[in-house]
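In what follows, a single structure is set out as structure tokens and then discussed.
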Amino acid sequence: MLPLKDKDRPIAVALLGAGCCPRCILRFCCVSLQSAYRQPHEDILFELQRFIHEKVADESHGATEEVPADSPPCKKVRLEAEQGGEVHEGGEDISVVEGKSKICVVCLGVLQDFCDKDFAKKVAEAVTSEKYEFDSLVLSVSLPAQLSVREHSAWLLIKTEVRQKGLCLGKDDVIQVKEAFKWILQSLLSQQLGVPVVSKSPLEVSVGFTHPETDGDCHFLAAACSGCFKPAKNKLSVFTRMAVAKALERISEESFRRKFTCPPWLPATKCTVQEVQCLHAPVFVAGRYNKFSRTLPQTPWVIDGERRMESSVEELITSPLIASFQAEGFNFSSSGREDVDVRTLGNGRPFAVELLNPRRARFSPAEVRKIQEAINKSSDKIRVRDLQIVTRDAVGHMKEGEEEKTKSYSALIWTHKAIEEQDLEFINDIKDLGIAQKTPLRVLHRRPLAVRQRVIHTMATRFRDDHHFYLQLRTQAGTYIKEFVHGDFGRTKPSLGDLMKTETDILELDVEVGMCWLFYSICLLPLYISSSKWPTLVPLYLAISHFLFALYVSPSHFLFALYVSPSHFLFALYVSPSHFLFALYVSPSHFLFALYVSPSHFLFALYVSPSHFLFPV
Amino acid sequence: MDETEVRRTPSVIDRYFTRWYKTDLKGKPCEDHCILQHSNRICVITLAESHPLLQNGKAIESINYQISAGCSRLQNKVSGKSKRGGQFLTELAPLCRIKNSDGEEYTVYSCVRGRLLEVNEDILTRPNLLLEKPSAEGYIAVLLPKFEESKSITDTLLTRAEYEDILLKRSAVKVDQ
């Protein structure tokens, strides 16, 4: 039994006469019971007709009705003509004979021929052939824009019918074709594949329909409502679903009816379904890499189609990843980069890889470690550590750090004049040297010409021989070290050569990526409370750049240290269940203490020396 | 000079640049230029060691980037990655005019077709740079040739070997005289 009411009858009759399929009729009757649509359409048609004839039957029994006296017989005649069958009085024995199965003028066959098990099977086969690993999927459906035009036309048709009855029908109450279609296909597809079809899932299965025969249906809107249609960037089509919907909202009923028939005209063909597209959400893998080679570029070095240098950091890291995740492509990004001839030492440079359309997305930590080993075994030019699967935000955080950090370098310097050890001493005393660097000539072809103010924080020297020494530097991010050493035609001032009053050149450079920038996503370590008197340092990961350390000092005291930035730590000493002593480390010799005494009172004390506290009231 | 270490490794210029030469600019004897072409196609225009300004230890009196009433190379302003706004120069476009203490004036030319990126303003305040380090800090200008022309611009220029040949020929002529 269909949940139809008497008021729906004229709608059903009008639409059936206009050439709508049973499911579209249910939609316009605002039937929101999903199971009604899932029945085979012959059954729905049967029920519909029974519903219509009930009325007719009631009429014949002389029941009172709101319907005008002359309409039932006309409709009855129309129905007979449509079906080519006989309708018996009394409501029994209604033989359902459909002449030729005509294409629905509103949904163009979408709710007729694509709602059965066979179609679901075809879609399921397309999905399984792609060999994704998945436990749910989201179904996305795209319908041709002209369906909205036809829907609008049908709605205008029944609006008149309904108005005559004194009822009203809002366009928003009508169930959308897409919605009804999904109700049916989602459950069928779920049965075929054995996984739930949900609204949000990493795997998206897209089913698209086109109907070239009726593509022209939208064209009249361009003239009637030119404001809605912007010239198409790609010549594909200016009649997008959004633009058509907007135009339909604006156009008046008369203008519409002048240009488009109500009800819509009957096409000869049904919709064609396009190839089913599957897309898996990308997986992000991050870690740190060391580069030990002086002949390895970060990205493939190809000029005029010819490869200039063998391999690259990017390829060495991503090849095993692509293989394991069976991805179609990747985006490699890192927090800064180094030249071909520069080694990356220390903890390694953070990087992230976005793997596109992976067939496999879930790996256990052990499996990820295996992939890391595979990368490290594949070449001695790089080494990867802390490889892990992360979220998309991790990539943003990693890039954020690029500008703020200080960088440490180690270089081998050649001097033109002969030097002695004491000649280098003054360099060790230089602190926070400001330099002005014009864009180096070696990158000027692809960077804007500008002057960059940078700071060399500290330097340390180690004498090697009368023309060579090792130089360690800690500088602001974005400093061109090579140009600082050789001066770049005098375009970096002051250069090391200026300071040493001789020509200097850089023979080797290594970058050491800093300790203070931590990129982890370690699992929560269990807080081990024991009777042992040894302090246990427990790092608790809170966010990409924040760590909460808990130093266990005694059974009832914990010293918490919240790492907020490279030079600030916020300590909190838990003294009793309702009191915390906070200490903000501001510089090597000053602590700002705040004793939390109650929800609205803090006692601040600035520790200035071992025996003096300054208390502001 | 006694303190100099004979270079065991190539210098910055040796590593990144190719030296090209243009001799007797505009027919004037020995007015030779050296063009340092970077592997990324950027060209640095400098005076060749045989240029008269670098001979005989004469001081530089003045350097003038105002080459005509309406054009000063100092007004050259580029912006953005594609270096918009830079003056486009042809081979014989003048870059600057230099006068030495003897009153002799020489014009330095572009030698290559390309967009002018910058001229060396340091030599205005320290003209000695030109004499002491003509091929480094004493450079004249930096040009960016068009991508399509980056290979062909050197067609009319001499290699280092060809330049040295010419120098030899000149000294031979001198000896003869």
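First the proteins, then the strands, lettered A, B, ... as listed; each starts at 1.
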With only heavy atoms counted, which part of Lys81(B) is less than 4.5 Å from chain A, the side chain, the backbone, both or neither?
both

Do other residues, nucleotides or ligands put more than 12 heavy atoms under 6.0 Å from the NZ atom of Lys99(B)?
no

Best-contacting candidate, Pro448(A), Gly487(A), Gly490(A), against chain B by heavy atom pairs under 4.5 angstrom
Pro448(A)

Quick test of your reading of the model: are Glu503(A) and Lys133(B) salt-bridged, counting only N-O distances below 4.0 Å?
no

Could you tell me if the side chain of Tyr139(B) sits less than 4.5 Å from the side chain of Arg491(A), heavy atoms only?
yes

So which of Leu117(B), Asn120(B), Ile13(B), Asn40(B) has the biggest tally of heavy-atom pairs under 4.5 Å with chain A?
Asn40(B)

Can you tell which part of His486(A) gets under 4.5 Å to a heavy atom of chain B, answering side chain, backbone, both or neither?
side chain

Measuring heavy-atom distances to chain A, does Leu36(B) have an atom under 4.5 Å in its side chain, in its backbone, in both, or in neither?
side chain

Please state whether the side chain, the backbone, both or neither of Ser135(B) comes within less than 4.5 Å of a heavy atom of chain A.
backbone

Do other residues, nucleotides or ligands put more than 12 heavy atoms under 6.0 Å from Arg337(A) CZ?
no

Is a salt bridge present between Arg15(B) and Asp341(A), judged by a nitrogen-to-oxygen distance below 4.0 Å?
no

For Phe147(B), is it the side chain, the backbone, both or neither that has a heavy atom under 4.5 Å from a heavy atom of chain A?
neither

Can you confirm whether Tyr16(B) sits close enough to Leu441(A) that some side-chain heavy atom of one is under 4.5 Å from a side-chain heavy atom of the other?
no

Counting C-beta onward and ignoring hydrogens, is there a side-chain heavy-atom pair between His38(B) and Leu444(A) closer than 4.5 Å?
no

Heavy-atom count check: over 12 atoms from other residues, nucleotides or ligands less than 6.0 Å from Glu104(B) CD?
yes

Check whether Arg447(A) gets within reach of chain B through its side chain, its backbone, both or neither, counting any heavy atom under 4.5 Å.
backbone

Take atom CZ in Arg84(B); do more than 12 heavy atoms of anything else shown fall under 6.0 Å from it?
no

So with a 6.0 Å cut-off around NZ of Lys431(A), is the heavy-atom count from everything else above 12?
yes

For atom CD of Glu310(A), is the number of surrounding heavy atoms from other residues, nucleotides or ligands below 6.0 Å larger than 12?
no

Heavy atoms from other residues, nucleotides or ligands near CZ of Arg294(A) exceed 12 (cutoff 6.0 Å)
yes

